[in-house]
Amino acid sequence: MKLAKNYDPKQYESTIYQMWETADAFAPSGSGEPYSIVMPPPNANGNLHIGHALTFNLQDILARYYRMQGRAVAYIPGSDHAGFETWVVYEKVLTAEGKNRFDFSRDQLYSQVWNFVDEKRGTMEAQLRALGISAIWKDTVFTLDDKVVNTVYGTFKRMWDEGMIYRGERIVNYSTKYQTSYADIEVEHRVEKGKLWKIAYPSLDKIKEIVVATTRPETLLGDTAIAVHPDDERYKDLIGTKVLVPLTDREIPVIADEYVDPAFGTGAVKITPAHDPNDFEVGERHNLPRLQVIGFDGKMINVPPQFMNLEVMEARQKVLDALQREQLLRGDEDIEHSVGYDYKSGLPIQPMVKDQWFISMKPLAKRAIDALNNDEIDFQPASRKKALIQYLENIRDWNISRQIPWGIPIPAFQNEKDPTDWIFDARVDQEKIDVNGTTYTREIDTFDTWFSSGQWPYITTDYVTNGDLAKFYPLNVMETGADILYSWVGRMIMLGLYTTDQVPFKAVYLNGLVLDEKGKKMSKSKGNVINPIEIVESHGSDALRLGIVAARSVGQDQAFSTGKVLAGRNFCNKLWNIARFIENKLGEGFPVADPQPKTVADHWIVRQLNSAAEQIGKQIEEYRFAEAGDAIYHVIWDDVADWYIESSKKQDNPQMLAWVLDTSLRIAHPFAPFVTETIWQTLSWHEELLIKANWPTPLEFNDIAAAEFEQLQTLVGEARFVVAELPGTKKYDLLYQTDSLIADNSDLIQHLARLSGVRQADQAKGLRLAASNREAWLDVDEDTLYEHQTNQEVRLGEARLRAKNLEGRLSNASYIDKAPPHLIEETKKDLEETQALIERLARELDVLE
RNA sequence: GGGCGAUUAGCUCAUUUGGCUAGAGCGCGUCAUUGACGUUGACGAGGUGGCAGGUUCGAAUCCUGCAUUGCCCACCA
C-alpha cells in the first residue's frame, strides 16, 4: 500500500475507530489480570469540553497501555443525567415556549426531559469516539438506568434502616431562581464589600432602644428575638424584656445566647430563624417561632402590605427608607463579608427553612478518614489527600433532597393522616400507595445527583449484584478533575466503604483545569472556550492528545497550547513518513524474519528502543504522562528518524528497519492511537490490530557496538559543528589514518556529516577533530584552519577551567568522604576525559604554532 | 480567617529520595536542501532558577523570612 506524502487524520480516524469496534477490541481480554478504570460520566445532554479531552485521553492512555501489557482492561463508559444541570437547560426550553414547571405534573416533566435528553444522547458518545476513547460501549451506564436506581435505593434503604437518614426542617441553601435547595458544597462564597446597618428597636414604652447591626435589614420583618451575650453588661437589664420590631407592631423578646460576639457590631443581634443558619440554631435553643418572610420564589411574604411581593433587594431599600423616615437608623459602616451565591444563576443564595432529607455524615466520614490515613488509596498528587482528610473531618450532614423533577425520585411516602410518619417504599411510579389500609403519598423531591454518582464505582462494575464485571471492583484508578475532589471523590470513598467494605479504587489521579491560552479559566460567558472537536477536525485526534498531555503535571491548572498540538500533529506526520520510507524500502509483501542487528547503528537503535520502551512503561505506570509523551517524541524523532533512518540509507538492514517501525508504533500507540494503527494496518506482516498487540520486549544487542555508534555520533556532531561554524567555500574531506571504525563506516560518516568525502591519509593534516577520541582530521585550507584555531583556544580555556573545578571537587576531603562512590567515580572519569581533551587541544594548537 | 499550590529561557512548562554542563516544545538567528517528511534537516543564541538569609562537600530541589500570584475551604450578624 502506497502512503500519501502527508498524514491526513480525517481520512483515517473514523475508519480506524470502526475497525476497533468491529473487532470488539475494547472488551477486556479474558486471561489477563484485571485492570479497571471507570469514566467519570459526562453529561448525556451536553457537548464535550476541552477538559474532557484531557481527562479521557489520560484514562485512555492507561487503558491502552495496560491492554498492551496483556491485562484484561475494563474501561467502563457512562453518561450522566446531570440532574440539576440538565434541568436548568430544560427549564430554559420551557420558558422559551412560554411555559413553566408548574404547568405540568412531576411525571410529565420527567418524561419530557427524558425525551429531550434521549434526542441528544448520541452526540457526546460520538465525540468520545472522535477522541479515540477505547471504552467498552456495550457496558455503558446511564445514571438513570434501572441498575443505578436499584442500587441507590438499596443504599438508601440500608441507611434508612440504620438510622442514618433523617428528614427535618433545617435551614437549607435555596436558589430562588431554580427553586431548589443545594448542598453546602454547591454554594459559592464570594468576599465582597457590603454595609452593616445599625437599627434601633424601641422598647415597648418607646423610652429605651436596643441597636442591632445587620447586613440584611429586610429580614428584620421576620425577626422573632434580639440576642445579646449573657455576660454583656450593656444589655444585662434588657434580657427578658420585650422590644418592638420596627415597621411592624410585633413584640419580640431580648434573649441571652453565647453565640453573640459582644465585640462585633453593637453586640446585639437580630434573630431571624427562618432565614439564617445561626439564627435558626438560636431559635431552636430558645423555642422561637420561625417567621418566613422571603418566599421560595424570592418575593417577600408575611410582611406589611407596603413590602409584600417585593424582590429581596427592593425590599431592602424600602425597609431602609422606612427606617430612615421613622428615625430608627443609627448609622452604617462599610464591611467586607462573605456572601453565598447560587453557582448556577449567580444570584445570592437565600437560606430558607425547608423539610429536607439528610444523611448523617460523621460515621461515613470517619471510615473514609481511617482508610486515607492507612494509605489505602494512592493519591496523585499526594497533597490533595491531606486536603480531603481535612474536609472530611469538618463535614456536615448532607442535604440530599432537590426540588427538581429531573432525577431519581426519593423513595419515601408520607402518611396522609400523620405527616410525621414516613416510610421507605420503592414504588415511586405511584403517587399514592396503600399499606395495611393506610394511604401514603409519594415524596416529590429527587436525590442530589451526587448521591447516585457517589456510588458509581460499584454500580458500573455490578459489584453489588456480582455481575460479569464484578472482578473489576475496586477500580485500579479513579482519574478525574481536581475540582470535584470533595463533591465526588470524597463521596465515592465514603459510600464505597459503606456499601462494599472496601475503598472503591486503589488510586486517585487528579488532573487540573485546562485554562485558555492566556492562563484564564474558560467559561461560556467569557467566550474563551475551546472546543476539542474543532481541534480534532483541524489537527487530528492524536495531535490533540499529544498536545494536551504534553508538559502538563498532575493536579495543576495549566493553559492550553496550540503550539503543543501542532507539535503533536508534526510528530504524527513524522511517524507517517518514517513508515512511508521504511515501507517503500521493504516493498510489498516483505518477508519479515527475526531481526538481527548487524551494523553499529543497528545495535545502537536496539539499545535506544529497548530502554525507551522500558522507561515509557514505567512513566505511564507512575502517571508521569507528560514525561512519557516527551520520551516517545524524542526517541522516535531524534533516534529513529534523525539517526537511524539516516544511517540506514547507507547501511541498510531491512529486517531491522521493519523491527524499528514495528516497535516505534507499539510504544507510540497509547499516545497516538489513530496514526499508529493506521500505519500498522499497512504492514504486510501483521494480521492483528495494533490495539491488541503487546508492549515491546527487549531485543538482544551488543553493547560495544552500540557505544561505537555513539562515538561516530560524536565525531559527526563535531564535524557538523565545525563546518557550520566555519562554512568556508567548499565542503571538506574527512581524513583518517588507521582507524578501522571510521574506515568501516566511511560512507555513513560522509552522509551523516555531509562531507564531500572520507578517505585514508598518510599523515595528519588540517583540522583535528578531537571530541570523539578518534584520529580524524578535516582537510581544510589555511584560512579556515586559522579561524578554527582561534575557536579552539577558547575551548581550551573552558576545558582548563572545568578541569580545575573537577580537581577542586576531588581534592575536597568532605566530598570524598560523604558523596556516594558512584558519583566520585563519575567525577574522576569526567576529569580524565577533560584532561585528555585539554591534552589533545593543546597538542593540536602546539603543532600548528 | 484557615489551608493548598505556583514563581525556572521571549512564551507555555519539565527537571521525584539534594549530585552529570538545569531540559523540552513553540518562538528567534545562521545555514542547507526538492528521492521519507518544509508539518523538513543541520548548527546556534538565549537562564544570577522571584528576592534575602540559612543547612550542606554540593541547593531550582531542604529550612526561615519576604514579595507577587492562583485556587480551595469557612454560618460571625
Side-chain angles (χ1 to χ4, degrees), chain A residues 3 5-7 171 184-185 189 196 212-216 219 227 259-261 263-266 268-272 276-281 335 337-338 340 351 381 383-384 386-387 390-391 394 396 482-483 485-486 512-513 515 517 519 521 539 543 547 550-553 555-564 566-585 622 624 626-627 630 633-634 641-642 645-646 649 716-717 720-725 727 752-754 798 802 805 808-809 812-820 822-824 826-827 829-830:
Chain A
L3 299 183
K5 191 169 169 192
N6 287 320
Y7 174 59
I171 284 277
D184 294 328
I185 202 171
H189 294 273
L196 188 63
V212 305
T214 181
T215 54
R216 304 186 60 197
T219 62
Y259 148 70
V260 181
D261 173 6
F264 188 90
T266 61
V269 186
K270 57 190 274 319
I271 300 298
T272 322
D276 181 278
N278 292 310
D279 294 6
F280 180 86
E281 281 171 26
I335 58 158
H337 64 150
S338 156
S383 61
R384 293 301 182 117
K386 236 171 63 186
Q390 265 177 19
Y391 167 76
N394 298 308
R396 296 159 68 200
D483 52 334
L485 173 62
Y486 305 137
L513 296 178
L515 307 173
E517 297 222 43
K521 207 165 165 171
H539 304 301
R552 192 170 288 275
S553 48
Q556 291 292 329
D557 295 352
Q558 272 163 248
F560 179 82
S561 159
T562 304
K564 291 202 166 87
L566 290 175
R569 180 202 60 172
N570 294 354
F571 174 77
C572 293
N573 192 56
K574 192 73 186 176
L575 200 50
W576 184 257
N577 275 288
I578 289 170
R580 202 154 81 98
F581 175 82
I582 292 179
E583 290 187 31
N584 188 41
K585 199 100 174 170
E622 291 174 358
R624 297 161 74 151
E627 284 171 64
D630 197 54
Y633 182 95
H634 286 289
D642 290 344
I645 298 274
E646 281 311 312
K649 288 175 184 171
V716 166
R720 285 171 176 173
F721 172 71
V722 170
V723 171
E725 194 178 46
L752 292 175
R754 282 155 224 266
E798 282 167 3
R802 173 154 179 78
N805 284 339
R809 203 182 297 173
N812 181 331
S814 303
Y815 177 72
I816 299 297
D817 205 35
K818 293 178 184 168
H822 74 269
L823 204 68
I824 297 170
E826 274 172 30
T827 312
K829 203 177 145 208
D830 195 352

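Bear in mind that the values here come from a model prediction, so they are computed numbers and not experimental data. Computed over heavy atoms, backbone and side chain alike; hydrogens, waters and symmetry mates excluded. Chain identifiers are assigned alphabetically (A, B, ...) following the order of the sequence lines, protein sequences preceding nucleic acid strands; residue numbering begins at 1 within each chain.
B/U69 and B/G5 make up a base pair, with Watson-Crick or G-U wobble contacts both under 3.5 Å. B/C57: Watson-Crick or G-U partner is B/G19, with both key distances under 3.5 Å. Under the Watson-Crick and G-U wobble criteria, each requiring two contacts below 3.5 Å, nucleotide B/U64 is paired to B/A52. Pair assignment for B/G41 gives B/C31, based on Watson-Crick or G-U wobble hydrogen-bonding distances that are each under 3.5 Å. Pairing partner, B/G10: B/C26, with both Watson-Crick or wobble hydrogen-bond distances short of 3.5 Å. When Watson-Crick and G-U wobble pairs are counted only if both distances are under 3.5 Å, B/A74 pairs with no nucleotide at all.
Atom pair A/R396:CZ and B/C73:C1' shows a separation of 12 Å (rounding to whole Å applied). Rounded to whole angstrom, the span from the CG atom of A/D630 across to the P atom of B/C13 amounts to 16 Å. Rounded to an integer number of Å, the gap from CZ of A/F560 to P of B/C13 is 13 Å. Rounded to a whole Å, the CG atom of A/N570 is 11 Å from the C1' atom of B/G25. Here B/G5 presents its P atom at 18 Å from CG of A/L515, a figure rounded to the nearest Å. One atom, NZ of A/K270, and another, C1' of B/A77, lie 8 Å apart when rounded to the nearest Å. Rounded to whole angstrom, the span from the CD atom of A/E627 across to the P atom of B/G25 amounts to 15 Å. Atoms CD1 (A/I171) and P (B/C76) sit 14 Å apart, rounded to a whole Å.
Using a 4.0 Å heavy-atom criterion, one finds that A/S561 contacts no nucleic acid atom at all. At a threshold of 4.0 angstrom between heavy atoms, the contacts of A/Q556 are confined to the sugar-phosphate backbone, with no base atom among them. Here A/K585 lies out of heavy-atom contact (under 4.0 Å) with every strand. Across all strands shown, A/R569 has heavy atoms under 4.0 Å from base atoms, whether or not it also approaches the sugar-phosphate. A/F264 comes within 4.0 angstrom of a base, heavy atoms only. Heavy atoms of A/Q390 sit under 4.0 angstrom from primed sugar atoms or phosphate atoms, though from no base atom. As judged by a 4.0 angstrom heavy-atom cut-off over every strand, A/R216 is placed among residues making no nucleic acid contact. Within the 4.0 angstrom heavy-atom criterion, only backbone atoms of the sugar-phosphate kind lie near A/D642; the bases stay farther away. Residue contacts shown for A/S553 are limited to sugar-phosphate atoms, with no base heavy atom under 4.0 Å away. Contacts of A/A550 with the nucleic acid, taken as non-hydrogen atoms under 4.0 Å apart, are absent. Residue-level contact check: A/I645 touches the bases, meaning some heavy atom is under 4.0 Å from a base atom. Nucleic acid contact for A/A641: base, since at least one base atom lies under 4.0 Å from a heavy atom of the residue. Within the 4.0 angstrom heavy-atom criterion, no nucleotide atom of any strand lies near A/P351. A/F571 comes within 4.0 angstrom of nothing in the nucleic acid, heavy atoms only.
Between B/C20 and A/K829, no contact under 4.0 Å exists linking OP1 or OP2 to a side-chain N or O. In terms of phosphate contacts, A/N812 brings no side-chain nitrogen or oxygen within less than 4.0 Å of OP1 or OP2 of B/G58. The side chain of A/S338 contributes no N or O atom lying less than 4.0 Å from OP1 or OP2 of B/A74. For the OP1/OP2 pair of B/A14 and a distance below 4.0 Å, the side-chain nitrogens and oxygens of A/Q558 include at least one atom meeting the criterion. In this model, the phosphate group of B/C57 is not approached by any side-chain N or O of A/R809 to a distance below 4.0 Å at OP1 or OP2. Remark: A/K386 is in phosphate contact with B/C4, judged by side-chain N or O atoms under 4.0 Å from OP1 or OP2.
The side chain of A/Y486 lies closest to B/C73 when the candidates are B/C73, B/C43, B/U12. Distances from the side chain of A/Y259 to the nucleotides B/U21, B/G25, B/A77 place B/A77 closest. Checking B/G19, B/C20, B/U56 against every side-chain atom of A/R802, the shortest atom distance belongs to B/C20. You'll find that the side chain of A/R624 is closest to B/U16, out of B/U16, B/A77, B/A36.
Comparing B/U40 with B/C26, their P atoms are spaced 8 Å from each other, to the whole Å. Separating the C1' atom of B/G44 from that of B/G50 is a span of 29 Å, rounded to the nearest Å. Rounded to whole Å, the separation between the P atoms of B/A36 and B/G41 comes to 13 Å. Nucleotides B/C76 and B/U17 place their P atoms 42 Å apart, quoted to the nearest Å. Distance check on atom C1': B/U8 versus B/U12 gives 12 Å, rounded to whole Å. Between B/G29 and B/G46, the distance separating the two C1' atoms is 11 Å to the nearest Å. Taking atom P on both nucleotides, B/C72 is separated from B/G10 by 31 Å, rounded to a whole Å. Rounded to whole Å, the P atom of B/G19 lies 11 Å from the corresponding atom of B/C62.
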Show your reasoning for whether side chain to side chain contact (heavy atoms under 4.5 Å, CB included) applies to A/F581 and A/K649. CA-CA 10 Å; A/F581 175 82; A/K649 288 175 184 171; 3.7 Å; yes
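Side-chain atoms of A/N573 never come within 3.5 Å of backbone atoms of A/N6 as a donor-acceptor pair (strictly under, hydrogens ignored). Side-chain atoms of A/R720 come within 3.5 Å of backbone N or O of A/L752 as a donor-acceptor pair. No side-chain donor-acceptor contact under 3.5 Å links A/N812 to the backbone of A/G808. Using a distance-only test at 3.5 Å, with no hydrogens or angles considered, no donor-acceptor pair links the side chain of A/R580 to the main chain of A/L575. No donor-acceptor pair closer than 3.5 Å links the side chain of A/R809 to the backbone N or O of A/Y815.
In the interface, the side chain of A/E646 is paired with the base of B/A36 through a donor and an acceptor atom under 3.5 Å apart. Side-chain N/O atoms of A/K574 and base N/O atoms of B/C37 include a donor-acceptor pair closer than 3.5 Å. Judged by distance alone, with hydrogens and angles left aside, A/K649 brings a side-chain donor or acceptor within reach of the base of B/A36, the pair sitting under 3.5 Å.
If you find the closest nucleotide of RNA chain B to A/R384 and to A/R754, the one lying nearer the 5' end belongs to A/R384. Place A/S814 and A/T215 on RNA chain B by their nearest nucleotides, and A/S814 ends up nearer the 5' end.
Ring-plane geometry between A/W576 and A/Y7 is classed as tilted, the angle between the planes lying from 30 to 60 degrees on a 0 to 90 degree scale.
Between A/I645 and A/I582 there is a side-chain heavy-atom pair separated by less than 4.5 Å.
Side chains of A/R802 and A/N805: no donor on one and acceptor on the other come within 3.5 Å.
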